[in-house]
Amino acid sequence: MFCGPEGIGRKTMAECFAGALLCSSGGVVPCGQCQGCVLLKSGTNPDVIHIRKQEGKASVGVEEVRLVQEEISTAPQFGKYKVLIFENAEKMTVQAQNALLKTLEEPPPYIVMILISSNNSQILDTVKSRSVKVDFKRYTNSEIMEAYKRKSSESTDSRLLCEYADGIIGRALSMAGSDEYGKICDRIVDGLKELSGGSGRALCNFQNLFAEYSEKKELFFFTLYSILRDISVAAAYGRKTALQNAQTEDKIYAISDCVGYHKALKCLEQVNKAWRMAGQNVNYKLMADALSIRIQEVFYG
Ligand SMILES: [Zn+2]
């Protein structure tokens with residue numbers, strides 16, 4: 001059972017492990033040449049089976065586990081092993097987990113099962129006790145920076161990157177090779193400036209911004225939060241302070257002159273509250289629209 005937060009590398013590790021098991025060279029590192037390796041690289045090795053949540057479904061049910069059991073009953077086609085990767089083990093229903101128990105206890109010798117989980121409290125004790133737990137620890141900031149630099153030649157604000165990554169390498173790498181953070185940052189600052197200036201289209205524009213970045217919620221909220229925090233710092237300490245978003249400093253000071261410390265702080269609370277709600281199956285658009293309205297209300301309150 002590979003445990004750890006989303007983006008920490010559990011799936012990557014599971015695939016590497018599967019690669020090593022399915023390579024016929026017998027080495028620890030897959031050779032990349034044999035049939036098993038070639039098929040794995042193209043994603044068509046029938047001896048690796050991914051069990052994941054079906055689109056539109058909230059959980060992995062008994063039916064999926066039944067299908068797995070059929071797979072288990074037949075020997076591998078190319079190598080010595082068949083590797084089953086359960087991508088969201090914590091999303092398995094109680095019935096599905098129970099259905100898996102017997103297989104977990106006495107799998108055929110050629111079966112290797114990897115359960116990837118980000119929330120162990122959702123996994124039955126009986127499943128846990130039949131698995132070997134491998135914890136994926138968060139990376140240190142210097143490891144995060146090293147991995148980032150290996151993937152991207154662009155320089156970045158390392159303090160912000162590490163703060164956003166929070167020890168999770170996938171988050172840092174998602175920022176590599178794109179100017180996404182810079183772009184989101186500029187657009188949010190412009191949006192807030194417009195909101196604070198009272199332009200008629202400002203609210204609608206700001207709401208659209210949320211919608212535009214709905215696939216990048218986490219980065220968007222993080223950026224919005226860090227900008228509002230900069231606004232509050234700028235308001236409290238004046239122009240001598242070094243802000244995190246150095247590239248947009250002038251605009252941030254302009255907003256802070258207009259909004260002030262207490263309102264910026266109130267907005268931060270609202271963003272926090274909305275982000276907590278976003279994790280609870282709330283309609284994202286409704287939440288984002290309401291948050292935009294609240295920020296505008298705070299600005300004018
Ligand atoms: Zn190989």
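Both counts, for ligands and for their atoms, begin at 1 and track the order of listing.
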Practice problem: For residues Ala99 and Gln69, report the shortest heavy-atom separation together with the two atoms involved. | Solution: O-NE2, 2.9 Å
All N/O donor-acceptor pairs, side-chain side in residues 8-17, below 3.5 Å, sequence neighbours left out:
from  : atom 1 : to     : atom 2 : distance (Å)
Arg10 : NH1    : Gly4   : O      : 3.1
Arg10 : NH1    : Ser117 : O      : 2.9

Quiz item: Strictly by modelled atom types, are Lys285 and Ser214 linked by a side-chain donor-acceptor pair under 3.5 Å?
Solution: no
Quiz item: Hey, are Glu143 and Lys137 close enough for a salt bridge, meaning a charged N less than 4.0 Å from a carboxylate O?
Solution: no
Self-check item: Contacts of the Zn ion (ligand 1) with protein N/O/S atoms, counting only those under 2.8 Å
Solution: Cys23 SG, Cys31 SG, Cys34 SG, Cys37 SG
Quiz item: Going by an N to O cut-off under 4.0 Å, is there a salt bridge joining Glu70 and Arg66?
Solution: no
Quiz prompt | NZ/NE/NH1/NH2 to OD/OE distance under 4.0 Å, Lys91 and Glu64 | solution = no
